[in-house]
Amino acid sequence: MRRPLIIGNWKLNGSKKIANELISYLRKELIGIEDCDIVIAPPIVYLHLVKQALISISNIDLGAQNVDVNLSGAFTGEISVNMMRDIGVKYIIVGHSERRRYHNESNEVIAQKFLMIKNANLVPVLCVGETEKEHIRGKTNEICAHQINAILKIQGVAAFRNAVIAYEPIWAIGTGKSATPLQAQTIHKFIREYLAEQDTTVAKTVIILYGGSINDKNVAQFFYQPDIDGVLVGNASLNANVFSTIVKIAATCKYFNTK
Ligand SMILES: O=C[C@H](O)COP(=O)(O)O
């Protein structure tokens, strides 16, 4: 059975004050909610603060939004997987469309980062998804398969054991225009079947999240899709009340027991 997973990606947002307010609210609201896993991925400088406040809650883990491909050396400004592990990070987002777009990260670089994360025994959250143009042209499956292939090529299907895939259509990120639950389900099913061609156990157990304009009002229908195991939340994770509601909906969604 796959446990529901909710990741809050704060992206480049917040301040010490905002981070403190968010986590003290989450602490009150999320304590005792055990039927799903929760990850908070703040900007790196606030990881420690989040850790101190939330990590005693057993099903809340720390996430990082990015990592370097190198382990150490003269790489000014970079942070390695070992450093992340050192401070208690468990999940690392890799291949987010914003990194692909603004930092020119190629599928090859993303695959190398994915490998570093796996080698450090951390959990990679691989983001895949198509642009609006590709969506209109019906290229979604092809794009997602291509992005997944980059990992398969150098690491094989076993790389997806204890890994997370997040399907994030780029046109749905931060636009307020999410994919429909059925559209997302269709792609999630495709991804699972694509992996099943190589390993049915990996395909059955890999956690596949949906991301893109998720909020407390639209999230429930996503959870009722058989291949959607949770959500990667951007904007709405900055509102403690909305984020807690999303988590509570996941934790009480009995349908997860059948996945
Ligand atoms: O990492 C999160 C996703 O990019 C979704 O962002 P969003 O919820 O603001 O659309």
Side-chain angles (χ1 to χ4, degrees), residues 1-9 33-39 59 91 93 95-97 123-132 134-136 138-145 147-148 160-197 199-237 242-259:
M1 201 177 78
R2 304 187 298 271
R3 260 173 79 79
L5 173 66
I6 314 299
I7 304 182
N9 175 12
I33 294 183
E34 282 164 7
D35 292 334
C36 66
D37 292 322
I38 305 158
V39 175
N59 57 331
Y91 291 79
I93 299 171
H96 194 286
S97 60
V123 183
V125 179
L126 174 72
C127 298
V128 299
E130 82 288 5
T131 62
E132 184 148 41
E134 291 159 344
H135 172 67
I136 291 164
K139 299 263 181 211
T140 305
N141 289 1
E142 194 184 313
I143 298 294
C144 292
Q147 291 169 339
I148 288 171
F160 288 101
R161 262 185 220 131
N162 200 24
V164 176
I165 297 173
Y167 167 58
E168 296 210 311
I170 296 168
W171 47 272
I173 297 176
T175 58
K177 190 177 77 178
S178 73
T180 67
L182 272 178
Q183 275 173 330
Q185 162 58 24
T186 306
I187 312 304
H188 283 226
K189 183 167 182 275
F190 166 76
I191 292 172
R192 213 177 283 289
E193 287 174 352
Y194 191 67
L195 293 175
E197 285 170 19
D199 190 318
T200 50
T201 309
V202 169
K204 265 189 211 143
T205 51
V206 68
I207 301 280
I208 310 181
L209 308 180
Y210 167 77
S213 295
I214 279 295
N215 58 48
D216 53 341
K217 305 287 182 298
N218 64 10
V219 74
Q221 286 309 310
F222 286 86
F223 293 154
Y224 280 99
Q225 306 304 320
D227 290 293
I228 298 183
D229 304 318
V231 284
L232 175 53
V233 187
N235 274 330
S237 71
V242 171
F243 188 69
S244 310
T245 306
I246 292 170
V247 170
K248 286 175 192 167
I249 293 172
T252 51
C253 180
K254 297 282 175 270
Y255 189 66
F256 274 115
N257 295 335
T258 64
K259 295 188 192 182

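If you're wondering where the values come from, they're calculated on a predicted model, not measured in any experiment.
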Original post:
Is it true that E34 and R3 make a salt bridge, defined as a side-chain N closer than 4.0 Å to a carboxylate O?
Top reply: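 Looking at R3 together with E34, the answer is no, because their closest N to O distance does not fall below 4.0 Å.
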Original post:
When you check the gap from the basic side-chain N to the acidic O, do R192 and D229 get nearer than 4.0 Å?
Top reply: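 Judged by the 4.0 Å cut-off on N to carboxylate O distance, R192 and D229 do form a salt bridge.
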Are any of the side-chain heavy atoms of [X] and [Y] separated by less than 4.5 Å?
{"X": "L232", "Y": "I93", "answer": "yes"}
{"X": "I7", "Y": "V233", "answer": "no"}
{"X": "I187", "Y": "V128", "answer": "no"}
{"X": "Y167", "Y": "C144", "answer": "yes"}
{"X": "F160", "Y": "L195", "answer": "yes"}
{"X": "I173", "Y": "H96", "answer": "yes"}
{"X": "Q147", "Y": "E130", "answer": "no"}

Original post:
When you look at NZ of K248, are more than 12 heavy atoms from neighbouring residues, nucleotides or ligands closer to it than 6.0 Å?
Top reply: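 Correct, the count exceeds 12.
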**OP:** State whether the number of non-hydrogen atoms from other residues, nucleotides or ligands found under 6.0 Å of R161 atom CZ is greater than 12.
**Re:**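 No, CZ of R161 has 12 or fewer neighbouring heavy atoms, counting only those of other groups under 6.0 Å.
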Could you tell me the separation between the [atom1] atom of [X] and the [atom2] atom of [Y], rounded to the nearest 0.5 Å?
{"X": "F190", "Y": "T140", "atom1": "CZ", "atom2": "OG1", "answer": "10.0 Å"}
{"X": "K259", "Y": "I207", "atom1": "NZ", "atom2": "CD1", "answer": "9.5 Å"}
{"X": "I246", "Y": "S237", "atom1": "CD1", "atom2": "OG", "answer": "8.0 Å"}
{"X": "N59", "Y": "D37", "atom1": "CG", "atom2": "CG", "answer": "6.0 Å"}
{"X": "Y194", "Y": "N141", "atom1": "OH", "atom2": "CG", "answer": "10.5 Å"}
{"X": "I214", "Y": "F222", "atom1": "CD1", "atom2": "CZ", "answer": "4.0 Å"}

Checking [X] side chain against [Y] main chain: does a donor-acceptor pair fall under 3.5 Å?
{"X": "E142", "Y": "K139", "value": "no"}
{"X": "K204", "Y": "A196", "value": "no"}
{"X": "S213", "Y": "G176", "value": "yes"}
{"X": "S97", "Y": "I170", "value": "no"}

Which atom names give the shortest non-hydrogen contact between [X] and [Y], and what distance separates them?
{"X": "A184", "Y": "I228", "value": "CB-CD1, 3.8 Å"}
{"X": "C127", "Y": "E168", "value": "SG-OE1, 4.2 Å"}
{"X": "H188", "Y": "Y210", "value": "CE1-N, 3.5 Å"}
{"X": "P226", "Y": "R2", "value": "O-NH2, 3.2 Å"}
{"X": "A251", "Y": "I33", "value": "CB-CG2, 3.5 Å"}
{"X": "I6", "Y": "G230", "value": "CD1-CA, 4.5 Å"}

Original post:
Would the F223 and F256 ring centres measure less than 6.0 Å apart?
Top reply: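 Between F223 and F256, the centre distance is under 6.0 Å.
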Subject >> Side-chain H-bond candidate by donor/acceptor type, D227 with Q185, under 3.5 Å >> reply: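 On atom types as modelled, these side chains qualify, holding a pair under 3.5 Å.
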Original post:
Do T186 and Q183 meet the criterion of a side-chain donor-acceptor pair at a distance under 3.5 Å?
Top reply: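 Side chains of T186 and Q183: no pair found under 3.5 Å.
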Subject >> V164 and its side chain to side chain contact (heavy atoms under 4.5 Å, CB included) partner, picked from I208, L209, V206, L126 >> reply: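 Answer to the side chain to side chain contact (heavy atoms under 4.5 Å, CB included) test with V164 among I208, L209, V206, L126: L209.
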